[in-house]
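Presented below is the structure to which this report refers.
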Amino acid sequence: MITLEALTKDYGATRAVNNLSVNITAGKVTGFLGPNGAGKSTTMRMILGLDAPTGGQSLVNGVPYAKLRYPLHTVGAHILGTAGNPGHTPRTFLKALAQSNQIPVRRVAEVLAEVGLQSVATKRIGGFSLGTRQRLGIAAALLGDPQILILDEPMNGLDAEGISWVRQLMRTRADAGGTIFVSSHLMSEVQQVADHLILIGRGELITEATTQELIQEFTQQLITVRTPRAAALAGLLTQRGAKVSTSGEGHLEVIGMPVERVGALAFAGGIELHELSIIHGSLENAYNQLTHDTVDYSAELTGGVRTK
Amino acid sequence: MSKLMISESMDGRFAGSLLAAARAESTKFFGLRTLAGLYASGILVTIALGWLLGASAKASGDNGFDTVMPAPLLVFATLQFGQLFFAAAAALHITNEYSSGTIATTLQSVPRRAILLTAKALFLAIAGLLTGMVMILLATIPTALSAEKYGVFDLSDLLSAAVGAGVYLALLSVMVLGLGLVTRNSAGAIVSAIILLVGLPQILQLIPIHWVQTLTQFLPTNAATFMATGASEPYGPGMALLVLIAWSVVLLGAGWMSLKRRDA
């Protein structure tokens, strides 16, 4: 169990994480989602005691991380871009970690086999691809057979086989009672495996719910209508209980009414339509909409928000 | 899946964690070709320079100059140069962790900064101590052979040079560890170490002001010489050891503030 209590981090005048309070509980895969720069890595670094919070605190099984004597037995973590010194071999890198936490050195060969890196155990890490380094970072996280796993964008650089392997690994360990906290900036990477989702943007909690709840909430049908008499049609539809919003001149978005009924009401009211179409909501869309306002480095985003 | 382990401030547990962390530091150090290579080069260069200096002492002596100096102290004199290999290794041992990002993994495995700092300093000090002593013993043989009668020495010369070199390399490594923790940058740490060990003694001795000259005598390289040669002027070996310890405490203390106060 990981507990964040009003966790806050400032870098100079920039607030990277603002008053974040959540519990990450055992037996589940918890997805930690947000755009680049949302504060995911910073939050994870504070949990691991690498960066000191400006305010609030984070606890691992009720104590600050730095109070764990041999923490690798309790928490395994892979922070992006930190898997080993380029001049070391995987064996040396893992052996040093094992020694520092009184882990039997035979675990080194075991985790290397578990992540499929036996064949490069004595090669220098500097020559590895991003995917291979990710596997090595995950091997380091598994070394102490910890109950809690914290993985920062573990699927970056992995091929399809690697991604499905990471998902399987997280699922298996969560089902065995583990606490799995995995960050990603892509909903598609985690929605299949995460039981619970925490969405953040600009360091603040946007929403937190089970994956199932988020899907139900956001996958209702959205109907878009183009008409020269938008106001009249909006009034008509609202009267019949639909939720209507305007997304531009002569352009309505309707939720909570079947498309046939929207067409029939427009016909009965003698309102001319130029377009009447259904957009199938997805969690991906919902996530994009939710984080749209919080993206720091926003390019032209409208194309990405709606997929017809 | 193992149970939660919480630290207690019991001495035995601190020592256990410290030894575990120091063992890990040793594995990391010798697992890097660069660092092991710097140590090996430092030893080879010292042996070669000792032999050269011995040959030069013999040549001068044969030509009538009074150049008799015990062979172990001739070897010690070459440390003016050879020390840089060990200083670079100590600097890279910590700055490598910052440049590769592995400091994050290191602090995850040893989250208590005091244990990590002590483990690094302890490992480097032991490596420096053993290397310094063994190196003097090894290099004395070719030096004594090449210097012949101009390098005669007794056991006390050998012991004071060996212990002096060992203690100096141990404390030097701790000083440079401090510089590395403050700069967190390989070039910065190595350049500042060279300035401290070679640059300042050279530059300051050119300034003919009394207090500058006095100050120069307290630089680490000069203190090391007074310690190993058993000098009585301007101060003796005991005082020299204190001067070296003071440098180590100040620079490692600065490194500690950086490790403790700044984010990894």
Side-chain angles (χ1 to χ4, degrees), chain A residues 9 11 42 45-46 48-52 60-89 91-103 124-126 137 140-141 143-148 150 173 176-178, chain B residues 1-10 12-14 16-37 92-116 119-120 123 186 259-264:
Chain A
K9 178 70 179 177
Y11 289 114
T42 304
R45 290 176 65 88
M46 287 192 282
L48 298 169
L50 298 173
D51 292 359
V60 173
N61 291 347
V63 295
Y65 186 89
K67 290 267 188 265
L68 300 171
R69 186 181 186 209
Y70 291 130
L72 302 188
H73 293 271
T74 309
V75 182
H78 173 43
I79 295 293
L80 198 59
T82 59
N85 190 310
H88 278 146
T89 65
R91 187 166 285 163
T92 316
F93 167 58
L94 295 174
K95 186 182 167 197
L97 281 181
Q99 286 173 324
S100 69
N101 276 246
Q102 306 275 36
I103 296 166
R124 309 256 152 211
I125 295 169
L143 195 61
D145 194 18
Q147 190 261 329
I148 299 172
I150 296 177
R173 295 189 79 91
Chain B
M1 310 222 173
S2 59
K3 60 183 185 298
L4 174 73
M5 282 189 254
I6 301 170
S7 72
E8 289 162 29
S9 57
M10 280 160 60
R13 305 194 63 171
F14 183 90
S17 304
L18 175 61
L19 284 181
R23 256 202 310 282
E25 291 304 320
S26 162
T27 301
K28 283 190 280 182
F29 185 95
F30 292 111
L32 279 182
R33 279 180 197 163
T34 324
L35 302 189
L92 291 176
H93 180 60
I94 177 65
T95 56
N96 253 328
E97 296 226 26
Y98 284 100
S99 58
S100 67
T102 48
I103 188 69
T105 316
T106 299
L107 284 169
Q108 270 166 52
S109 56
V110 187
R112 278 176 293 167
R113 308 295 205 255
I115 289 185
L116 183 67
K120 280 193 184 292
F123 162 71
S186 301
L259 182 64
K260 176 86 181 157
R261 296 253 173 103
R262 288 159 66 190
D263 288 336

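The sequence lines fix the lettering, A, B, ..., with proteins before strands; numbering per chain opens at 1. A quick note: this is a predicted structure, and the numbers were derived from the prediction, not measured. Values below: all heavy atoms of this structure, side chains included; hydrogens, waters and symmetry mates excluded.
With hydrogens and angles left out, the side-chain atoms of A/Arg124 and A/Thr89 include no donor and acceptor closer than 3.5 Å.
The choice from B/Ala104, B/Ala22, B/Ser109 that makes the most heavy-atom pairs within less than 4.5 Å of chain A is B/Ser109. Listed options B/Val110, B/Asn96, B/Thr34 were ranked by heavy-atom pairs under 4.5 angstrom with chain A; first place goes to B/Asn96. Of the residues considered (A/Leu143, A/Val75, A/Ile79, A/Leu97), A/Leu97 shows the highest number of contacts with chain B, using heavy-atom pairs under 4.5 Å. Chosen from B/Ala21, B/Ala24, B/Gly101, the residue pairing most often with chain A at heavy-atom distances under 4.5 Å is B/Ala24.
A distance-only check finds a donor-acceptor pair linking the side chain of B/Thr27 to the backbone of B/Arg23 [under 3.5 Å].
No part of A/Arg91 comes within reach of chain B, as not one of its non-hydrogen atoms sits under 4.5 angstrom from that chain. For B/Arg261, no part lies under 4.5 angstrom from a heavy atom of chain A. Proximity to chain B (any heavy atom under 4.5 Å) is shown, for A/Ala140, by neither the backbone nor the side chain.
A 4.5 Å side-chain heavy-atom check between A/Tyr65 and A/Met46 finds every atom pair outside the cut-off. For the pair A/Asn61 and A/Gln147, the minimum side-chain heavy-atom distance is below 4.5 Å.
Between A/Asp51 and B/Arg262 there is no salt bridge, since none of the side-chain N atoms of the basic residue sits less than 4.0 Å from a carboxylate O of the acidic one.
With sequence neighbours excluded, the residues forming a salt bridge (Lys or Arg N to Asp or Glu O under 4.0 Å) with B/Lys28 are B/Glu25, B/Glu97, listed by chain and number.
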